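Bear in mind that the values here come from a model prediction, so they are computed numbers and not experimental data. All chains are named by letter (A, B, ...) in the order of the sequence lines, taking the proteins before the strands, and each is independently numbered beginning at 1.
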There are 2 protein chains.
Amino acid sequence: MKKDNSAKQSLTKNQSLVLQALAEADQPLGAYELLNRLQPSGFKAPLQVYRALDQLVEKGLVHRLESLNAWTACCEDQHSYTPVFAICDDCGNVTEHFDEQLAGNIEKVTKRSGFTPDRSIIEIHGQCDDCGTITQS
Amino acid sequence: MKKDNSAKQSLTKNQSLVLQALAEADQPLGAYELLNRLQPSGFKAPLQVYRALDQLVEKGLVHRLESLNAWTACCEDQHSYTPVFAICDDCGNVTEHFDEQLAGNIEKVTKRSGFTPDRSIIEIHGQCDDCGTITQS
DNA sequence: GGATAAAATGTTAGGTTATAACATAGCCGC
DNA sequence: GCGGCTATGTTATAACCTAACATTTTATCC
């Protein structure tokens with residue numbers, strides 16, 4: 001994770017706009033949904049969105065949710081561990097978690113077979129606290 | 001995982017063809033690559049492939065690799081734990097692993113926040129033993 | 001400050017991946 | 001055979017992503 005305190009300060013205009021749109025959303029957004037929201041700001045083509053997203057991911061300020069084809073602003077915490085995303089299939093809300101032990105387990109599982117891990121994707125689908133409580137009542 | 005011994009016996013024609021194509025491949029295949037390979041068998045439209053894939057995933061005979069937009073035949077083991085996929089970014093080879101502790105930790109991380117897990121996605125990108133050894137020599 | 005290189009942006013076009021909608025055909029229990 | 005269910009066929013379209021190339025902005029060095 002190449003994330004430091006200056007990361008946000010060195011953002012370009014497009015990067016800032018995309019990051020702000022993601023931060024204001026209460027759910028992960030697809031690239032074309034971002035494009036829709038940023039057209040008032042002058043965005044015209046998907047590539048403008050994709051390029052900004054790639055750069056923000058590189059800086060560690062945005063994560064891509066592989067199972068949703070969507071993107072979300074990183075929680076504000078500095079983190080070196082692989083994030084774990086909990087995705088509510090009812091309301092679409094996504095939360096970011098960390099666990100040192102879990103990160104260690106992943107290394108262990110693959111290294112048994114001589115595999116050298118680089119980046120990990122952990123996404124858990126289910127029901128968040130709010131939605132679970134509602135349906136049980 | 002709804003997988004039992006009779007799962008394979010109750011496959012329809014399209015499902016059998018898709019599963020066989022995946023089993024014969026030495027790498028995960030995309031839906032359109034599957035379509036190409038199955039056109040000699042009479043497949044004509046993407047939906048035929050996607051429907052068979054969905055049904056095979058439901059039966060637990062095929063897994064989808066979210067970060068590759070590709071699909072792979074399940075290893076033959078009966079498994080109740082969430083599979084962990086190790087994906088070599090050099091040669092494209094993918095291996096399926098299991099770890100009870102890892103599965104337990106994942107539940108733990110999300111349940112802290114009242115989340116009820118349903119299905120988990122764990123995909124680790126990196127370098128497999130073969131590719132790592134080669135580049136180091 | 002001006003030359004230069006690197007990074008970011010603009011724009012058009014096209015490729016890949018996945019689903020909607022509707023019609024048809026086979027299977028199974030009653 | 002009838003009704004309900006599952007699977008299939010087919011056309012069209014939506015959603016997601018990248019290539020290629022031109023232009024502009026930013027950073028750096030002298």
*Rounded distance in Å - CG (A:Leu56) to P (C:dA8)*: 11 Å
*Can a side chain N or O of B:Thr12 be found less than 4.0 Å away from OP1 or OP2 on D:dT8?*
yes
*Look at B:Arg112 together with A:Asp99 and state whether they make a salt bridge at an N to O cut-off of under 4.0 Å.*
yes
*Round to the nearest Å and state the distance from B:Leu65 atom CG to C:dT17 atom C1'.*
15 Å
_Looking only at the side chains, is there a donor atom on one of A:His125 and A:Asp89 sitting less than 3.5 Å from an acceptor on the other?_
yes
*Quick one: is A:Gln55 getting a side-chain N or O under 4.0 Å of the C:dT9 phosphate, OP1 or OP2?*
yes
_Sequence-aligned protein contact record of nucleotides 11-22 of chain D, with B where the base is within under 4.0 Å of a protein heavy atom and S where only the sugar-phosphate is_ = B----BBBBB--
*Measure from CD on B:Gln15 to P on C:dC27 and round the result to the nearest Å.*
14 Å
_Can you confirm whether more than 12 heavy atoms, excluding those of B:Lys13, are under 6.0 Å from its NZ atom?_
no
_Below the 4.0 Å mark, does C:dT9 have OP1 or OP2 next to a side-chain nitrogen or oxygen of A:Gln48?_
no
*How many Å lie between NZ on B:Lys13 and C1' on D:dA7, as a whole number?*
12 Å
*asked:* Can you tell me if A:Lys44 has over 12 outside heavy atoms packed within less than 6.0 Å of its NZ?
replied: no
